Amino acid sequence: MIRTRLKTILNDCFQAGVPRHGWPEEAASAFTVEQPKREGQGDLATNLALVVAGRSRQNPRAVAAQLVELLDGCPLLDRVEIAGPGFVNFFIRPQVWQETLSEIAAQDAGFGKSQAGAGKRVLVEFVSANPTGPLSVGHGRQAVLGDAISRLLAATGHQVTREYYYNDAGRQMRVLAQSVRARYLELLGEPGQFPEDGYQGQYIIDIARELLAEQGDRLRGSDDLAPFKVKAERAIFADINATLTRLGIHFDNYYNEHSLYDEGHIDAVVAELRAKGLVYEQDGAVWFKTTALGLDQDRVIIKSTGEPTYRLPDIAYHREKFKRGFDWLVNIFGSDHIATVPDVLAGVRALGYDDSKVTVVLHQFVTLLRDGKQVKMSTRKATFVTVDELLAEVGADVARFFFLMRKADSQLEFDLTLATQQSQENPVYYVQYGHARLCSILRQADEKGLDGPSQARLALLTEPEELGLLKAMSAYPELVLEAARELAPHRVVFYLQELAGQFHSYYNRHRVLGEDASLSQARLALVDGLRIVLRNGLNLIGVSAPESM
RNA sequence: GCGCCAGUAGCUCAGCAGGAUAGAGCAACGGCCUUCUAAGCCGUAGGUCGCAGGUUCGAGCCCUGCCUGGCGCGCCA
């Protein structure tokens, strides 16, 4: 917040410096304002002089001196210093930090939100697991990541639609239906039908058992897979939705791949690509000439059996996303889908859409760790750990927090031993406990009949820890903007851990409710502000902010 | 063979559009509860940022090559 204000002021100074000192115009967007790492280097610092000097062969310290002169009389600043190779360090007046508390209190739940993405319609596609089985921990990571990214985008003013794309036709579902039928027949005393690549999980048997209860043995002789497919799809989708709900995730829309066929979009895409000379027949299959679009090999889009490969509906689906009027398409995929991305983007480009409006967030895999040892998982043997099993152990808050502790690019090691500890080692509770503590102080003040938080004497907040907290709180809106820009919710998680830590430290050193009534009121204002920021941050990642623990 | 991701403290990971003397949590060691919640705090120790070059005022971050691990390279999704 303060940083942004200072940046604005520096932009003005820069514009003044261009004619007056011959600063190079093109450096306008290159300089930054940051928090220095070390004590004594001010509250904020800029590399403006270094950037300007680097592009105009001037002495950086001389440019810094010119900047300092231009800044003369700035109301935010207590003093400025030129340091090192030409950094300009800013010492902000304490009052400026203290006043942020009034803004936080006034904005309350709105603090941290912005309109940076106003008017931008963005579609976030994630999970998109076909209904063949319960969600695995890998899906869990994706679900939480997609949801948190959606929250970040919404908090920055984007108009967000969360969408789940699925396919209930095709080979996978056929095998699923066959698996259910085999289990059904086994229950009727006819074993031996289980398909080679069938789904082996217990849930298939459960579905078969339900089917048996509902239908008796009347499906025994039929060759029709439809009843098995329909039953399995319904049961599994209900299960998936229940899991997502437990994780606190809802979708605005479920997009069925099949509708792309029904509405003729698949044929239309093929026709369009064919008209552009990007399609040809070979070996009985239809190929998409991706080599003409800069890729290293052509790809089959319709198999010789007449069935499209996943690629074709994927392209048609993206075409529909654009046609539905979205300005930005964000896809969250597991890294095993990496190979499909270039093909889809090529298809989008070939159809005349701007593929720079598609952002793909690829996340790496999840491994589970228990007692320092990796938990072995296999999809085929259905020995993978499901999100439901995970939730039964650790709960939604912990699951969400842990899934967001790493950036998407990093593999995520989920330490179950740490996650199940209801104690100090667990970072989730560390942050939540901070919030509960803050609420507790406010409660105590209320119960003791003390005067509540007051903005009247904020000037009393002069302890280094207090100013440190105010600075951190003031940085929250920028943090949200950056996390949204980078689609990186882990930034919020790290911020919260840091802020909670600063507060715990402050709490142990200074007393909020003390003898001095004015000081207590000012500190209560600080406490209330912290409560708001921690709560808003936790909301942003979908983790609850308990008022007591 | 090719593509993408990763390689930073014993372990798991941050490092914010190239910035100043590289950070956190866990584990280890030593302290702090008659006072607003000890699910907390304070302190100690811990590093050739995979390796080698390059770019520049400045590189963990950018470029090139190599090494290691993960994921892919299907008429599976």
Side-chain angles (χ1 to χ4, degrees), chain A residues 29-30 32 34-38 41 45 47 50-51 53-54 60 83-87 89 128-130 132 167 170-172 197 283-287 296-297 299-305 307-311 313-314 334-342 362-365 367 369 372 405-415 417-418 421-430 432-434 436-445 448 475 478-479 482-483 485-486 488 490-491 493-495 497-498 500-501 503-514 520 523-524 527 548-549:
Chain A
S29 56
T32 57
E34 299 185 352
Q35 274 193 39
K37 294 186 182 80
R38 304 194 63 82
Q41 296 176 340
N47 62 352
L50 291 162
V51 171
F87 287 100
N89 295 336
S128 295
N130 289 338
T132 58
N167 176 18
R171 204 190 75 88
Q172 279 190 13
D197 50 357
D283 304 331
V286 179
W287 294 70
D296 60 350
Q297 53 181 309
R299 300 289 185 175
V300 170
I301 50 174
I302 301 176
K303 301 184 238 177
S304 51
T305 60
E307 248 181 321
T309 64
Y310 67 89
R311 234 170 247 118
D314 270 8
S335 62
D336 54 334
H337 280 61
I338 186 159
T340 77
V341 174
L362 289 167
H363 65 88
Q364 299 290 321
F365 285 168
T367 53
L369 209 69
M405 279 201 301
R406 306 285 173 250
K407 63 181 173 195
D409 282 341
S410 291
Q411 287 182 42
L412 190 151
E413 192 160 87
F414 197 118
D415 188 341
T417 310
L418 179 62
Q421 273 180 54
Q422 303 223 341
S423 69
Q424 47 194 33
E425 286 82 22
N426 195 322
V428 189
Y429 300 130
Y430 184 79
Q432 289 183 318
Y433 183 59
R437 243 185 183 172
L438 290 159
C439 290
S440 172
I441 296 170
L442 292 163
R443 238 182 351 255
Q444 288 268 334
K448 288 181 180 169
E478 284 125 3
L479 169 94
E482 281 167 19
R485 178 172 53 76
E486 295 169 16
H490 77 278
R491 295 280 305 272
V493 172
F494 278 87
Y495 173 86
Q497 292 186 92
E498 170 66 28
F503 164 63
H504 285 310
S505 182
Y506 172 67
Y507 176 91
N508 273 274
R509 188 170 306 211
H510 300 287
R511 210 181 154 76
V512 175
L513 305 175
S520 292
R523 287 185 171 172
L524 280 170
V527 163
S548 63
M549 289 175 74

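Chain A is the first sequence line, chain B the second, and so forth, proteins listed ahead of strands; every chain is numbered from 1. Being a predicted model, the structure only gives us computed values, none of them experimental. Atom set for the values below is all heavy atoms of this structure, side chains included, hydrogens, waters and symmetry mates excluded.
Taking the side chain of A:E486 as heavy atoms from C-beta on, and the options B:C75, B:A38, B:A17, the nearest nucleotide is B:A17. In this structure, the nucleotide among B:A17, B:C13, B:U35 sitting nearest to the side chain of A:S410 is B:C13. Side-chain atoms of A:I441 lie closest to B:C36 of the nucleotides B:C36, B:C75, B:A20. Relative to the side chain of A:T309, the nucleotides B:A20, B:A14, B:C75 differ in distance, and B:C75 lies closest.
For A:F414, the ring-ring contact (aromatic ring centres under 6.0 Å, His included) partners are A:F402, A:F403, not counting sequence neighbours. Legend: residues meeting side-chain contact (heavy atoms from CB on, under 4.5 Å) with A:T417, ordered by chain and number and at least two apart, are A:R370, A:D371, A:D415, A:Q421. Considering only residues two or more places apart in sequence or on other chains, A:H504 meets the ring-ring contact (aromatic ring centres under 6.0 Å, His included) condition with A:Y430, A:Y433.
Between the P atoms of B:A59 and B:C51, the separation comes to 16 Å (whole Å). Nucleotides B:U55 and B:C62 place their C1' atoms 8 Å apart, quoted to the nearest Å. Of the C1' atoms belonging to B:G43 and B:C67, the separation is 40 Å, rounded to the nearest Å. B:C29 and B:U68 have their P atoms separated by 37 Å, given to the nearest Å. Remark: the separation of the C1' atoms in B:C75 and B:G70 is 28 Å, to the nearest Å. As rounded to the nearest Å, B:A24 and B:A9 have P atoms that lie 14 Å from one another. When the C1' atom is used for both B:U12 and B:G46, the distance is 15 Å, rounded to whole Å. On the P atoms, B:C5 is 12 Å away from B:U64, given to the nearest whole Å.
The distance between atom NE2 of A:H510 and atom C1' of B:C36, rounded to the nearest whole Å, is 14 Å. For the pair A:Y495 OH and B:G25 P, the computed distance is 17 Å after rounding to whole Å. Taking atom CG of A:L412 as the reference point, atom P of B:G25 lies 19 Å away to the nearest angstrom. Look at OH on A:Y310: it is 9 Å from P on B:C75, rounded to the nearest Å. At whole-Å resolution of the value, CG in A:L50 and P in B:A17 are 18 Å apart. Rounded to whole Å, atom C1' of B:A14 lies 10 Å from atom CD of A:Q497. Atom CD in A:E413 sits about 12 Å away from atom C1' in B:C26, given to the nearest Å. As rounded to whole Å, 11 Å separates atom C1' of B:G25 from atom CG of A:D415.
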Practice item. Could you please spell out the steps behind the side chain to side chain contact (heavy atoms under 4.5 Å, CB included) verdict for A:Q432 and A:Y429? Key: CA-CA 5 Å; A:Q432 289 183 318; A:Y429 300 130; 3.6 Å; yes
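A:Q172 comes within 4.0 angstrom of sugar-phosphate atoms only, judged by non-hydrogen atoms across all strands, and of no base. The residue A:A436 sits close to a base: some heavy atom pair falls under 4.0 Å. Across all strands, A:D409 comes closer than 4.0 Å only to sugar-phosphate atoms, never to a base (heavy-atom distances). As judged by a 4.0 angstrom heavy-atom cut-off over every strand, A:A45 is placed among the base-contacting residues. As judged by a 4.0 angstrom heavy-atom cut-off over every strand, A:S29 is placed among residues making no nucleic acid contact.
The side chain of A:K37 places no N or O atom within less than 4.0 Å of a non-bridging phosphate oxygen (OP1 or OP2) of B:G19. At the phosphate of B:A17, OP1 or OP2 sits under 4.0 Å from a side-chain N or O atom of A:R485. When the side-chain nitrogen and oxygen atoms of A:R437 are compared with OP1 and OP2 of B:A38, one or more of them lie within a distance under 4.0 Å. Dashed line: the shortest gap from a side-chain N or O of A:Y430 to OP1 or OP2 of B:C41 is under 4.0 Å.
Summarising the geometry, atom CZ belonging to A:R406 is positioned 8.5 Å from atom CD belonging to A:E413; distances are rounded to the nearest 0.5 Å. Here A:S548 contributes atom OG and A:R443 contributes atom CZ; the two are 5.5 Å apart, rounded to the nearest 0.5 Å. Note that CG of A:L442 and CG of A:L513 are 8.5 Å apart. Values are rounded to the nearest 0.5 Å. Taking OG1 of A:T305 as the start and CZ of A:R171 as the end, the distance is 12.0 Å to the nearest 0.5 Å. We find the OH-NE2 distance between A:Y310 and A:H337 to be 8.0 Å, quoted to the nearest 0.5 Å. A distance of 7.5 Å separates OG1 in A:T309 from NZ in A:K303, rounded to the nearest 0.5 Å.
For the residue pair A:T32 and A:N47, the shortest heavy atom distance occurs at N-OD1, 2.8 Å. The shortest non-hydrogen separation linking A:D409 to A:L362 is OD1-O, 3.9 Å. When every heavy atom of A:P36 is checked against every heavy atom of A:A45, the shortest pair comes out as CG-CB, 3.8 Å. Between A:N167 and A:N130, the closest heavy-atom pair is N-OD1, 2.8 Å.
The base of B:A20 sits with one of its N or O atoms less than 3.5 Å from a complementary donor or acceptor on the side chain of A:N89.
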Review point. Going 5' to 3' along nucleotides 68-73 of chain B, which nucleotides have protein heavy atoms under 4.0 Å from the base (write B), which only from the sugar-phosphate (write S), and which from neither (write -)?
Key: --SSSS
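Listed by first residue number, the stems of RNA chain B with at least three Watson-Crick or G-U pairs below 3.5 Å are B:1-7 with B:67-73, B:10-13 with B:23-26, B:28-32 with B:40-44, B:50-54 with B:62-66.
With the nearest nucleotide of RNA chain B identified for both A:W287 and A:A83, A:A83 has the one nearer the 5' end. Nearer the 5' end of RNA chain B, as judged by each residue's closest nucleotide, is the contact made by A:L513, out of A:L513 and A:N508.
Among A:H490, A:Q364, A:E486, the single residue meeting the side-chain contact (heavy atoms from CB on, under 4.5 Å) criterion with A:K407 is A:H490.
Under the stacking definition used here (centres under 5.5 Å, planes under 30°), the residue A:F494 fails to qualify as stacked on the base of B:A14.
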Protein and nucleotides 42-51 of chain B: nitrogen or oxygen contacts under 3.5 angstrom:
residue: B:C42; atom: OP1; partner: A:S505; partner atom: OG; Å: 2.8

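A syn base is found at B:C33: its glycosidic angle is within 90° of 0.
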